[in-house]
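Notes follow once the structure below has been shown.
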2 protein chains.
Amino acid sequence: MADNKDPGRLLAARGYKLTRQRKAILNVLTGNGQHLTAEEVHQQVQSQCPAVNLVTVYRNLNLMAELGVIGRVDFGDGRARFEARAEHHHHLLCLKCGRVVELNICPLDYVTEPVTEHRFRVIGHRFKVFGYCAECKYLMEDDTGGI
Amino acid sequence: MADNKDPGRLLAARGYKLTRQRKAILNVLTGNGQHLTAEEVHQQVQSQCPAVNLVTVYRNLNLMAELGVIGRVDFGDGRARFEARAEHHHHLLCLKCGRVVELNICPLDYVTEPVTEHRFRVIGHRFKVFGYCAECKYLMEDDTGGI
DNA sequence: AGCCTAAATGCAAAAAACTTGCATTTATAA
DNA sequence: TTATAAATGCAAGTTTTTTGCATTTAGGCT
């Protein structure tokens, strides 16, 4: 469970203290949820580590995201979400049930030419697709869908 | 200058009033800037229409974006940006000088298979690339760049 | 095992971006 | 010109995230 790539180890290896709070936050992210807001992490952390402050949750999520120990995602709803998986990947979101699917393909690979044409040095990119998952689209079959 | 696709006409055609404030906001977006925050629109509007309230700017930007008369963009910095161009497109951003280039290709076209494999009904998507533009990357030649 | 110190936490308060309620003003159409 | 629904302005409220500062604590050292 605590292999060499365990986020906790990664933190410790960089000289950060492995506090009760940090362990609990990492447990929540790796164990349970997939893409949680700071608020959600805070709530879920409470059950295993009673009185952790929301500010501490924010500070640690930010720290770990900067260190690349966890991933930060923006679903465009005005709050940041965090996930255990830190490697580069993209998301497919269901607008109805909130389901999130991780995409393993990367669109940048297919559009490098049009991008390099502008002589940019590419540092990063974001891609997300939203729609209705198999189940939700079934339940909404008569709906035309818009956009 | 005021053709049939003029945003003002589009508003009027839908029964919205063409107020002094709305005209000024549209002028700012179509004329001057490319991708402005509400705050920036507000500032620029002041020069041609003295005391427009920031709230009015927000309300109108939201309205027009919903009507599809202007476009709303999210560059991931925690504030919405607005642009005159409403048709679907993507962006290339310079992390140093803030330059924005409009991309005319759409990556979704190249990754439909991996996406439909998950049996989603796709409604929309977002793609943005960030890096350093030709000028900025030249100025930073000795910098390795990170990420 | 106990101590030391920098690092981490908690609390309260602030910042930033955006929204809402309500009274007043105004664009449009009769 | 007037009536009226829509739009605006103002003040106050939300929501999410950050900051300052006093207190606590993890982890190294003895």
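In the text below, chain A, chain B and the rest are named by the order of the sequence lines, each starting its count at 1.
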Atom-to-atom span, CG of B:Leu36 to P of C:dA17 - whole angstrom: 15 Å
Separation of D:dT16 P from A:Glu40 CD (nearest whole Å): 10 Å
Nucleotide D:dG9, atom C1' - distance to CD of B:Gln46 in whole Å: 13 Å
Separation of atom CZ in A:Arg81 from atom C1' in D:dT17, rounded to whole Å: 15 Å
Connected via hydrophobic side-chain network under 4.5 Å: B:Leu67 and B:Val57: yes
Any donor-acceptor N/O pair, A:Arg22 side chain to A:Lys17 backbone, under 3.5 Å: yes
Euclidean distance, B:Gln44 CD relative to B:Leu36 CG, rounded to 0.5 Å: 5.0 Å
Sugar-phosphate only, base, or nothing, as touched by B:Ala38 at under 4.0 Å among non-hydrogen atoms: nothing
A:Phe82 CZ to D:dT16 P, straight-line distance once rounded to whole Å: 13 Å
Sugar-phosphate, base or nothing in reach of B:Gly78, heavy atoms under 4.0 Å: sugar-phosphate
Protein-nucleotide distance (B:Leu67, atom CG; D:dA6, atom C1'), rounded to Å: 14 Å
Distance, rounded to the nearest Å, where A:Phe75 contributes CZ and D:dT16 contributes C1': 17 Å
Nearest-nucleotide 5' precedence on DNA chain C, B:Thr37 against A:Asn53: A:Asn53
Heavy-atom donor-acceptor pair, B:Lys128 side chain to A:Gly124 backbone, under 3.5 Å: no
B:Thr56 OG1 to B:Leu63 CG distance, which is reported to the nearest 0.5 Å: 12.0 Å
Which donor-acceptor pairs under 3.5 Å do the side chains of residues 86-93 of chain A make with protein atoms, sequence neighbours left out?
| from | atom 1 | to | atom 2 | distance (Å) |
| --- | --- | --- | --- | --- |
| A:Glu87 | OE1 | A:Arg85 | NE | 3.4 |
| A:His88 | NE2 | A:His90 | NE2 | 3.2 |
| A:His88 | NE2 | A:His125 | NE2 | 3.2 |
| A:His89 | ND1 | A:Glu87 | O | 2.6 |
| A:His89 | NE2 | A:Glu83 | OE1 | 3.2 |
| A:His89 | NE2 | A:Glu83 | OE2 | 3.1 |
| A:His89 | NE2 | A:His91 | NE2 | 3.1 |
| A:His89 | NE2 | A:Glu102 | OE1 | 2.7 |
| A:His90 | ND1 | A:Phe127 | N | 3.4 |
| A:His90 | ND1 | A:Phe127 | O | 3.3 |
| A:His90 | NE2 | A:His125 | NE2 | 3.2 |
| A:His91 | NE2 | A:His35 | NE2 | 3.1 |
| A:His91 | NE2 | A:Glu83 | OE1 | 3.3 |

Side chain proximity check, A:Leu26 to A:Ile70, heavy atoms < 4.5 angstrom: yes
Any B:Arg79 side-chain nitrogen or oxygen under 4.0 Å from OP1 or OP2 of C:dC18: no
Between C1' of C:dG10 and CZ of A:Arg22, the distance in whole Å: 14 Å
Letter per nucleotide, 5' to 3', of nucleotides 19-30 of chain C [B base touched, S only sugar-phosphate touched, - untouched; heavy atoms, 4.0 Å]: BBB----BBS--
